[in-house]
Participant: 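Here it is: the structure, laid out below.
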There are 2 protein chains.
Amino acid sequence: MKEILNIQKQLLPDLMDTMKKRYTILHHILVSGMVGRRTLAVSLNTTERILRAEVDFLKEQGLIEVEAAGMRISAAGRQLLESIEPIVKDLFGLTELEERIRSHFGLKQVVIVPGDSDASPHTKKELGRAGAAVLRKLVAEDETIAVTGGSTMAEVAYHLAATTSLKGCWFVPARGGLGESLELQANTIASTMAKKTGARYRLLHVPDHLGEEAYQSLMQDDSIAEIIQFIRRARMVVHGIGEAMVMARRRKVDRETTEILRQDGALAEAFGYYFDRQGNILHKMPTVGLRIEDIHQMDAVIGIAGGKSKGEAIVSVLRHGHEDVLITDEAAALEIVHHLSS
Amino acid sequence: MKEILNIQKQLLPDLMDTMKKRYTILHHILVSGMVGRRTLAVSLNTTERILRAEVDFLKEQGLIEVEAAGMRISAAGRQLLESIEPIVKDLFGLTELEERIRSHFGLKQVVIVPGDSDASPHTKKELGRAGAAVLRKLVAEDETIAVTGGSTMAEVAYHLAATTSLKGCWFVPARGGLGESLELQANTIASTMAKKTGARYRLLHVPDHLGEEAYQSLMQDDSIAEIIQFIRRARMVVHGIGEAMVMARRRKVDRETTEILRQDGALAEAFGYYFDRQGNILHKMPTVGLRIEDIHQMDAVIGIAGGKSKGEAIVSVLRHGHEDVLITDEAAALEIVHHLSS
DNA sequence: GAATCATGGACGTAAATTGTCCCGGTGCTA
DNA sequence: TAGCACCGGGACAATTTACGTCCATGATTC
């Protein structure tokens with residue numbers, strides 16, 4: 001059943017919205033017994049006119065009966081409500097989850113796609129598609145957009161398509177090179193995104209983790225300093241979120257540092273920083289690319305991560321408190337609210 | 001699956017249409033390989049602009065890839081088409097049936113509701129609802145509408161609701177009283193419809209089947225002659241269709257006449273007349289109420305009947321050739337096309 | 001019998017959809 | 001290699017649709 005809905009959603013993205021809206025109205029009429037248009041409009045907090053259009057529709061469909069005294073659900077409507085219940089329950093689940101997470105962390109927007117990225121590659125693709133859609137929607141004209149690496153971000157890049165609104169933008173990597181495979185490097189992602197959308201890009205050919213002196217000497221270099229300034233002027237960043245220990249291993253962080261991270265209770269990693277359970281940043285070190293203070297000043301910080309295993313990590317990063325938008329999947333979202341209540 | 005589609009058809013009929021539209025476009029792109037917007041618009045016979053909006057959407061959804069040379073289906077689009085096929089098949093089935101029957105008999109409109117009235121009362125209700133909707137749509141201002149009796153017509157009456165467009169109309173019975181139960185009398189139906197819609201009505205308190213002399217003497221009566229004149233001025237008739245033998249029995253036609261009907265190959269009954277397989281009228285006799293020549297001159301003749309068992313009868317009546325609109329159900333429609341091909 | 005609630009009609013404005021035309025680019029063909 | 005036919009996409013007016021707002025009228029209740 002869920003399968004059918006997911007298929008239809010591709011052809012009718014607003015299917016769920018309309019269905020939910022009409023269901024809500026019908027359900028309200030059911031529980032209210034006999035009710036008037038204005039009263040109903042208030043309790044659904046919508047306008048009278050807009051409700052009226054829906055009521056006319058429901059009447060036309062024979063799902064409600066309208067008399068001078070008000071409207072009432074019909075036998076057909078009652079039956080429809082019963083059979084639609086399992087669908088809507090599922091439908092509402094995600095929306096409720098979204099709102100719950102959104103309000104708890106004070107985010108601007110939360111998007112949850114159904115499924116579990118850990119279990120199904122299809123869900124990860126969906127995550128990428130959702131990420132691309134949000135990016136396209138939020139971007140301003142001629143903006144600089146910083147992106148990180150990772151497999152989820154690669155999916156986002158894959159699903160971006162040419163849009164006029166992205167033509168004048170610049171894509172830049174948020175950080176320098178990290179010990180990961182080429183396809184998942186921030187540099188690669190930034191260039192892919194730019195090519196896909198017809199935007200421009202700039203790269204940062206510098207390793208991210210550096211000693212103090214190496215850092216200082218690199219910053220002397222004009223061209224490097226210039227690109228770093230450019231990156232730090234970005235007003236928008238799109239980044240993945242990872243589990244701290246997994247990321248440390250993948251990035252070949254040295255044994256000693258890893259041990260420190262573990263002792264400090266590192267849970268999550270995002271744009272090169274490690275976070276503990278409370279959202280505190282561990283292990284601050286001089287870095288090329290975006291610094292944490294740059295991120296704090298951004299207009300749009302968009303985090304993307306999915307999979308049950310990442311739930312806890314996502315909570316850590318959200319607790320840090322500077323995210324604006326979260327895009328995740330059902331499994332991770334459930335894990336998130338689980339950690340909130342415990 | 002069928003369940004969920006039926007729900008959606010009730011709750012989101014408009015979205016189902018756009019789903020069909022988008023499926024058609026996508027499917028066309030699939031079979032065309034690489035194709036341009038204008039070419040596609042012609043072969044789908046729609047306008048360029050309207051197709052363009054859909055193409056933009058499909059692109060946005062990543063279902064097609066657009067290049068300078070034209071557009072082509074994407075992997076995701078191909079996959080979607082495959083998985084959506086059963087849904088659309090179901091969705092399309094009825095529309096195709098409608099068009100096939102419509103064109104074969106040269107009707108103005110055919111409406112098919114899903115299901116089988118013989119098997120499920122719900123389908124009969126749907127039939128009534130569809131009938132009421134068509135009636136509401138076709139009616140002109142201050143028109144006289146003749147209606148017959150029968151359980152299907154009773155459902156139509158039940159589903160009529162007050163509409164401005166019907167306020168000034170008159171409902172009249174198409175024929176006199178027949179040996180049926182009160183609720184299913186044409187008189188009852190006409191008055192119910194009038195009460196439901198706020199229209200006016202007139203009744204015909206005369207038995208329909210009469211001997212020649214009784215007929216002549218009744219026509220002497222001024223008030224009866226006047227109402228009959230009134231009825232015959234109707235420009236619109238809504239009638240049920242029945243199986244000849246079933247109707248003969250229900251109307252308590254005498255044994256001898258029944259036998260004649262059987263020998264003549266009577267298959268169907270409509271507004272009091274019996275039809276053979278070819279649509280010829282059998283058993284003409286003087287009648288109060290509408291005569292067959294009145295019906296031939298009408299602006300809108302609307303036949304309503306459903307259920308697998310009535311398929312053959314419907315074909316007979318349609319072959320007579322003066323119907324304008326047919327409202328039936330899936331089971332009867334399938335039976336109809338079955339009789340066409342054999 | 002007055003007050004309060006209801007529906008349904010009317011209508012102007014805002015917003016979306018659609019028709020129409022054009023431009024610059026691409027690939028095929030002669 | 002030049003011309004041609006067709007491509008996507010931009011622009012904009014015209015049209016349609018959606019929506020906010022207000023009012024007429026009828027039913028029900030107190």
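In what follows, every chain begins at residue 1, and chains take the letters A, B, ... in the order their sequences are listed. Computed from a predicted model, the values in this text were never measured in an experiment.
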Participant: Which pair of heavy atoms, one from A:Y158 and one from A:K196, lies closest together, and at what distance?
Facilitator: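 Smallest interatomic distance, heavy atoms only, reads O-NZ, 3.2 Å.
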Participant: Check this for me: A:E67, atom CD, are more than 12 non-hydrogen atoms of other residues, nucleotides or ligands nearer than 6.0 Å?
Facilitator: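 Counting other residues, nucleotides and ligands, CD of A:E67 exceeds 12 neighbours.
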Participant: Can you tell me which residue among A:R37, A:R49, A:K59, A:K21 is in a salt bridge (Lys or Arg N to Asp or Glu O under 4.0 Å) with A:E54?
Facilitator: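 Considering A:R37, A:R49, A:K59, A:K21, a salt bridge (Lys or Arg N to Asp or Glu O under 4.0 Å) with A:E54 is found only for A:K21.
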Participant: With a cut-off of under 6.0 Å to the ring centre and 45° to the axis, is A:R200 in cation-pi contact with A:F171?
Facilitator: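 Verdict for A:F171: no cation-pi partner in A:R200.
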Participant: Starting at CZ of A:R72 and ending at C1' of D:dT28, how long is that distance when rounded to a whole Å?
Facilitator: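 In whole Å, D:dT28 C1' lies 14 Å from A:R72 CZ.
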Participant: Is it true that A:K124 and A:E155 have a side-chain N and a carboxylate O under 4.0 angstrom from each other?
Facilitator: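 Salt bridge: no.
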Participant: Please give, in whole Å, the distance from C:dA6 P to A:M71 CE?
Facilitator: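 That distance rounds to 9 Å.
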Participant: With a 4.0 Å heavy-atom cut-off, tell me which residues in residues 45-64 of chain A come close to DNA chain C, sorted by residue number.
Facilitator: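 Hits under 4.0 Å, by residue number: A:R52, A:K59.
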Participant: Between A:T39 and C:dC5, is there a contact of a side-chain N or O with OP1 or OP2 at under 4.0 Å?
Facilitator: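 False: A:T39 side-chain N/O out of range (4.0 Å or more) of C:dC5 OP1/OP2.
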Participant: I'd like to know whether B:E98 forms a side-chain hydrogen bond (donor to acceptor under 3.5 Å, both in side chains) with B:Q109, so could you lay out the CA-CA distance, the side-chain angles of the two residues, the decisive distance to 0.1 Å, and finally the verdict.
Facilitator: CA-CA 8 Å; B:E98 286 174 358; B:Q109 189 186 0; over 6 Å; no
Participant: Which sits closer to the 5' end of DNA chain D, A:A68 or A:R37, going by the nucleotide each is nearest to?
Facilitator: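 Upstream on the strand: A:R37.
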Participant: Could you tell me how far apart B:R38 (CZ) and D:dC4 (P) are, to the nearest whole angstrom?
Facilitator: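 Answer to the nearest Å: 18 Å.
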